[in-house]
Each structure stands twice: as C-alpha cells, then as structure tokens.
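See structure below.
A note on names: the letters A, B, ... follow the listed sequences, proteins ahead of strands, and every chain is numbered from 1.
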Amino acid sequence: MTLTARIQKRCGSFRLDVDLAAESGEALALLGASGCGKSMTLKCIAGVEQPDQGRIELDGRVLFDSEAGVNLPPQKRRVGLLFQSCALFPHMTVERNVAVCLGRLAKQTRRQRTAELLALLRLEGLEGLYPRQLSGGQRQRAALARLLAAEPRALLLDEPFSALDSFLKWQLEQELRELLEVFPGPVIWVSHDRGEARRNCRRVCVLEDGKSAPAADMAELMANPGTVSAARLSGCENFVPVRPGPSPGLAEVPTWGLTLQTAAPWRKGVRTLGLRAGCLRPAEEGAVNAFSCRVLRAVEDLFSMRLALRPETAAPGAPLLWMELSKEVWSALPDRTRLLAAVRPEDLMLLE
Amino acid sequence: MDWFPLYNSIRIAAVSTALVFFLGIFAAHYIAKAPRLVKGALDVVLTLPLVLPPTVVGWLLLLVLGPRRPLGAWFLETFGLRLTMTWPSAVFAAAVVSFPLMYRTARGAFESFDETLTQAGRTLGLGNAYVFWHVQMPACRQGILAGTVLAFARALGEYGATSMVAGYTPGRTATVSTTVYQLWRTGQDALALRWVLVNLGISAAVLLAVNLLERKEGRA
C-alpha cells in the first residue's frame with residue numbers, strides 16, 4: 001500500500017507544487033515553515049480542497065486525477081485527517097463524536113466498538129463530556145478515537161500537538177507512536193518541529209514556499225541538509241554567503257573576512273555556508289579554522305549559554321554569529337568579552 | 001370581541017415563517033460560500049425588502065400577483081385561486097418582508113461557522129446532508145433561532161404590504177395590525193386599545209422567548 005500525491009494548486013499569488021509518496025507502515029514527515037502549504041497539501045489529499053492539477057493515488061485506487069477527470073468525494077477516499085484544531089463536533093459528547101462515525105455498524109456492535117476505541121485512547125469516564133470540557137490532550141485523543149472509528153486506509157496528521165504544552169506533548173507523542181506502529185497504512189505527519197519529525201519519522205519531505213523537495217532520509221537531512229531551507233529546518237542558526245577559496249578545500253566568507261577549511265568538496269550551486277551554533281567551540285591559538293571574536297551578548301538558555309559573536313575581521317553590518325556552549329565551559333572562560341572560536345571542517349555545511 | 005384577527009395574524013406569520021425558515025437558510029448557505037461579486041449582488045437584492053417601504057413591496061407584489069398579471073392570472077385560471085385579497089396573499093407579503101431578517105442572521109451564523117468541522121465530517125465518511133443538518137445546523141443554532149424569532153415577529157407586525165395585497169375584510173383577511181388601523185379610522189378607540197394591548201402582549205412574549213433562549217444557550 002502506498003500513497004502518492006502529485007499536486008499543483010494556485011491560491012492567489014501562492015503556488016503549491018508537491019510531489020510525495022509514503023509507503024504503508026511508514027510515517028513520512030512533511031516539514032516546513034508556517035504558511036508553506038503543508039495543511040493545504042493534506043486537505044487536497046483528503047479531498048476537502050481540490051488541486052488544479054495532479055494525481056493522487058492510494059493503494060492503486062485513484063482518488064484524484066485532473067487529466068482523467070477523477071475526483072472522489074472525501075467520504076469515499078478513506079483518508080483520515082487529524083486537524084490541528086481537533087475539529088470535534090462541539091455539540092456532541094465524546095462518545096457521540098466517535099459513535100457518529102460508526103453509522104455503518106449495527107447498534108450493538110457500534111456501542112461495543114465505541115467503548116473499545118475510547119478505552120484504547122484512555123478516554124473512559126469522559127464519554128459524557130462535551131469537547132469544551134476536555135483538556136487539550138484529551139481533546140486530541142478524542143479526535144484520534146473518532147478518526148480510527150472511520151477506519152481510514154491512510155492517516156494525515158496536521159501538526160497534531162501544536163496546541164499542547166511540552167509535557168503533554170511528549171506523553172501524547174509516545175501514545176500516538178504506539179498507535180501508528182500497529183496502523184497498517186501510510187502516514188503523513190506534518191510538522192514544523194524537527195525534533196518531533198526526527199523522533200517519529202524515518203523519511204522526510206521538505207516543503208518550501210509550496211514546493212516540495214524529494215523525500216530524504218531523516219538522519220541524512222539533519223546531518224547534511226544540502227539547501228538553506230532544509231538546514232534551517234534542521235535547526236541550523238548561522239547562514240552567511242560563501243565563495244570558493246584560492247585552493248580546493250578552502251571556502252571564503254567575505255562577510256566575516258575569513259577563509260575556512262571545509263571537509264566537503266565544493267559543488268556547483270553552493271552560495272551559502274551553514275554553521276550550527278553548537279558546532280562552534282572555544283579553541284587554542286593555532287587551531288584549525290580558529291578566529292578571534294568579540295562577545296556582543298550572552299543569553300542564558302535553560303541548559304546552555306548562547307553567545308552573539310562578531311568575528312574581529314567581519315565587515316561592518318555583518319550578521320551576528322551565534323555560538324552555543326555549556327554553562328560550565330562559559331563559566332570557565334578566562335575572558336568573557338573576547339574569545340577564540342573554532343569549527344571543525346566537517347561541521348561546515350555548503351548549502352544551495 | 002371577535003378573535004379572528006389574532007388567529008389570522010398567527011396563521012399568516014406561522015406559514016410565512018416556515019417558508020422563510022427554509023428559503024432563508026438555503027439562500028444563506030449558498031451565498032455564504034459564493035464568490036465575492038455574486039455575494040455582493042445577491043446580498044443587495046435579498047436585503048432590499050428590509051429597507052424598502054412596505055408600500056413599495058406591496059405595489060411590487062401586486063405587479064406580480066394581481067389577477068390581471070401573468071402569474072396571478074395563470075394561478076386563477078389553473079387553480080381557481082385569487083392571489084390577492086385572500087389570507088394566503090398576506091403570507092406572500094409577510095414572507096417577502098421578513099425574509100431578509102432570517103437570511104441575514106442565518107448568513108452571519110454560517111459565516112462564523114468553523115469550516116473545518118464540515119471538512120472533518122466529510123473526511124470521516126459522513127454524508128454532506130448529514131453534516132449540514134447534524135453538524136453545521138446545531139453549531140449555528142443560536143443565529144438561526146434568533147433569525148426565526150425575528151422573522152416571526154416581523155411577520156406578525158406586518159402592515160403596509162399586507163394591507164395592499166390582502167386588504168381588510170373582517171373575518172377573511174383582517175389581521176391584528178390592519179384591525180387596529182381600521183378601528184382607529186372608524187373612531188372605535190376602546191376596541192382599538194384592546195387590540196393594541198393584545199399586540200403589546202404578543203411582542204413582549206416574543207422578546208421574552210428570545211431572552212430565555214439566549215440564556216439557555218449561554219448555560220449549555
């Protein structure tokens with residue numbers, strides 16, 4: 001079983017151009033900044049929005065094909081969509097919200113199946129409550145129970161935890177992962193949180209300004225993003241224009257007035273150097289890729305320090321260089337206004 | 001005291017409200033989703049009866065329903081029914097005048113309705129009609145109820161268009177409002193006062209009902 005979607009849609013000046021495929025039993029992460037078309041993509045697959053052009057297929061069933069004039073109504077697609085807002089029916093109790101999607105069953109089996117689903121999502125005792133009486137986590141679990149009641153062949157999760165606080169989010173994420181492990185069909189998990197995507201999905205498809213990149217291995221994308229947007233999603237903080245240095249293995253960063261050694265070979269199309277804040281470290285004189293910086297600001301984070309640096313050789317108006325280091329290292333620094341920072345050649349990312 | 005005008009008023013208002021209830025919801029449902037230009041144009045046409053003088057509405061209705069006009073003549077010939085100067089003709093007048101109230105309140109409710117609920121229902125396999133009647137309508141219940149009560153109250157108090165289309169025939173087309181006018185015109189102030197009091201009572205009851213409904217809604 002596979003879900004493939006090729007979608008083109010124009011909304012005003014925004015153009016959505018997505019091409020993705022998710023295998024059954026797999027969760028594909030759809031990662032992108034807000035407003036890049038993630039939710040629209042899911043809505044097109046579920047059938048509540050119509051693409052201008054394209055083809056959507058699930059298990060060899062054509063759900064949408066602009067050329068053949070096929071456009072199955074959402075009811076016939078058997079694609080479950082978990083909304084960011086849960087979209088529980090506000091005037092129905094939790095039990096009714098689930099039971100209403102089991103209309104195809106006889107009364108007795110319907111009651112039984114409803115109870116099963118509510119138990120599966122630990123909603124016992126809340127059957128008679130209305131959605132507004134539930135907590136955020138309970139609401140999301142009720143929405144999941146309702147979703148499973150409809151017996152979808154594919155699941156689309158639209159930032160399922162965006163409304164939850166971090167502790168609840170972590171708990172619910174574990175539960176959802178357990179559910180997904182036994183779900184036989186393909187899953188598309190929309191997120192803007194790289195951690196969430198990394199923990200739950202093996203493969204990822206990055207969406208930027210409505211355009212999708214070919215799906216990549218999640219670990220590979222984090223280690224070696226290739227493009228600026230992917231690097232940004234992977235959590236990289238520092239970006240600066242780069243050009244080839246005087247000899248192979250050297251890259252020149254005019255903004256900072258530096259020439260740095262890189263491990264990756266230069267490739268065509270590279271314009272930007274990406275540098276993770278956590279990859280910078282205080283160094284001794286004479287270390288590889290070491291340069292002297294002034295510390296403009298030190299921000300205390302929960303478990304680390306973030307320093308805003310300016311290389312001594314930087315051009316005026318150059319963007320700040322962010323460095324992250326442990327609080328122990330910070331407190332051991334002899335001089336907190338000036339330091340020698342270094343980065344290993346293999347930590348420099350050449351980006352398109 | 002002859003209670004016919006009260007019976008007639010309620011009968012006219014009830015039938016016209018039933019009519020306007022479905023027509024108003026139907027129009028509101030489609031226009032809420034229509035493209036901007038269509039929406040603007042239809043909105044003007046459908047809201048006009050709210051701002052036009054009732055006499056203008058009455059005159060326009062006579063233009064369509066009159067016994068010598070195409071529709072009125074056809075109806076008279078086919079069914080042997082006059083569309084003017086009968087109590088059902090007052091239903092037309094009341095319906096046209098109260099329609100905008102139903103339509104506008106329902107449209108407001110539909111526009112503020114969270115569209116993802118419909119989308120969720122449809123992806124869960126629920127039929128479009130089911131989603132409309134069991135998800136969207138209950139969610140918009142308050143606006144629709146308010147529109148219905150307002151339309152009923154307006155139909156009950158309708159005078160201008162009604163008097164032109166249905167006239168005043170005691171025991172046949174007389175309503176509370178046309179009776180009050182007729183009694184005042186013929187100097188029967190004492191009787192007129194009784195009907196005025198009846199009217200005040202009904203209006204107060206309607207407003208009380210609206211308030212009670214709103215309070216119940218707030219609690220639920």
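- Heavy atoms closer than 4.5 Å to chain B are found nowhere in Arg104(A), neither backbone nor side chain.
- Without hydrogens or angle criteria, His134(B) side chain to Val100(A) main chain gives no donor-acceptor distance under 3.5 Å.
- With a threshold of 4.5 angstrom between heavy atoms, Leu147(A) approaches chain B through its backbone and through its side chain.
- Heavy atoms of Lys43(A) lying under 4.5 Å from chain B belong exclusively to its side chain.
- More than 12 heavy atoms of other residues, nucleotides or ligands shown are found within 6.0 angstrom of CH2 on Trp87(B).
- Scanning residues 101-127 of chain B against chain A with a 4.5 Å heavy-atom cutoff picks out Thr116(B), Leu117(B), Gln119(B), Ala120(B), Gly121(B), Arg122(B), Thr123(B), Leu124(B), Gly125(B), Leu126(B), Gly127(B), ordered by number.
- More than 12 heavy atoms of other shown residues, nucleotides or ligands fall within 6.0 angstrom of atom CZ in Arg61(A).
- For Glu124(A), the CD atom sits in a packed shell: over 12 heavy atoms of surrounding residues, nucleotides or ligands are nearer than 6.0 Å.
- In this structure, Gln75(A) and Asn128(B) approach most closely via the heavy-atom pair NE2-OD1, 2.8 Å.
- Heavy-atom neighbours of Arg10(A) CZ from other residues, nucleotides or ligands within 6.0 Å: at or below the threshold of 12.
- Using a 4.5 Å heavy-atom cut-off against chain A, no residue of residues 2-37 of chain B qualifies as contacting.
- Of the two parts of Glu49(A), only the side chain, counted from C-beta on, holds a non-hydrogen atom closer than 4.5 Å to a non-hydrogen atom of chain B.
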